[in-house]
Amino acid sequence: RNVELKPSAFDSFDLPVTVTHGVIGTIDIRVPWTSLSSSPVHVELSNVRICIAPNSVTTTEDQAEWEARKTAEKLQCLEEGLFRHRQALLAVHSDSLSSAGMMEA
């Protein structure tokens, strides 16, 4: 009863808010031990209370670091998309050359 949540447990989710405090009133877990591979495990949380606050950037350095990380993530996404597009174009080009009999065997 009244299990306290660790605010740091939410850090890896990159939420736009910060969890400052949390409590789970009760946790009910039902494990079907005799049929674990074929039956679901049921977890029920009751009376969950979570206090959140907006993420705030406290210094200019934090803001710059955050912006740099977001820019790097966007760049990586673009590079991956360009790589997949290039691979698709090469496959289409290769197919058209082989169907025209222009590629060497």
Side-chain angles (χ1 to χ4, degrees):
R1 293 194 147 247
N2 296 327
V3 177
E4 299 246 353
L5 294 174
K6 285 185 174 181
S8 61
F10 297 90
D11 290 349
S12 63
F13 294 112
D14 199 23
L15 298 172
V17 294
T18 300
V19 175
T20 60
H21 178 74
V23 176
I24 299 174
T26 58
I27 302 172
D28 182 26
I29 302 173
R30 288 181 229 127
V31 181
W33 294 108
T34 58
S35 57
L36 193 55
S37 62
S38 60
S39 297
V41 173
H42 292 274
V43 178
E44 184 177 326
L45 308 175
S46 300
N47 298 320
V48 178
R49 295 178 302 281
I50 299 175
C51 296
I52 59 173
N55 280 345
S56 61
V57 178
T58 56
T59 65
T60 305
E61 186 175 309
D62 290 341
Q63 177 70 29
E65 183 180 318
W66 181 83
E67 288 176 0
R69 184 170 48 95
K70 289 297 180 190
T71 301
E73 289 171 1
K74 288 178 185 177
L75 182 59
Q76 180 179 0
C77 186
L78 286 171
E79 288 173 347
E80 289 170 0
L82 286 173
F83 177 77
R84 285 192 302 273
H85 182 71
R86 182 173 178 256
Q87 293 300 102
L89 286 175
L90 288 172
V92 168
H93 183 68
S94 175
D95 288 346
S96 66
L97 288 177
S98 63
S99 65
M102 299 179 76
M103 287 188 68
E104 295 180 24

- prompt: Would you say N2 and R49 make side-chain contact, with heavy atoms under 4.5 Å?
  reply: yes

Trace of the side-chain contact (heavy atoms from CB on, under 4.5 Å) decision for R84 with E80: CA-CA 6 Å; R84 285 192 302 273; E80 289 170 0; 3.7 Å; yes

Which atom of I52 lies closest to which atom of T20, heavy atoms considered: N-OG1, 4.2 Å

- request: Say whether V43 and V31 are linked into one hydrophobic cluster, either directly or through other cluster members, by side-chain heavy-atom distances under 4.5 angstrom.
  value: yes

message: If you compare all heavy atoms of L36 against all heavy atoms of V41, which two are closest, and at what distance to 0.1 Å?
response: CD1-CG2, 3.9 Å

Salt-bridge criterion met for K70 and E73 (N-O under 4.0 Å): yes

query: Short question: side chain of R30, backbone of D28 - any donor-acceptor pair under 3.5 Å?
result: no

query: Is it true that I29 and W33 fall in one hydrophobic cluster, defined by side-chain heavy atoms closer than 4.5 Å?
result: yes

- request: Could you tell me which non-hydrogen atom of P32 sits nearest to which non-hydrogen atom of S39, and how far apart they are?
  value: CG-CB, 3.6 Å

Candidates V23, I27, I24, V3 - the one meeting side-chain contact (heavy atoms from CB on, under 4.5 Å) with V48: I24

message: Side-chain heavy atoms nearer than 4.5 Å, only ILVMFWY residues, links allowed to pass through others: does that put L75 and L82 together?
response: no

task: Supply the atom-to-atom distance F10 CZ to S12 OG, rounded to the nearest 0.5 angstrom.
output: 9.5 Å

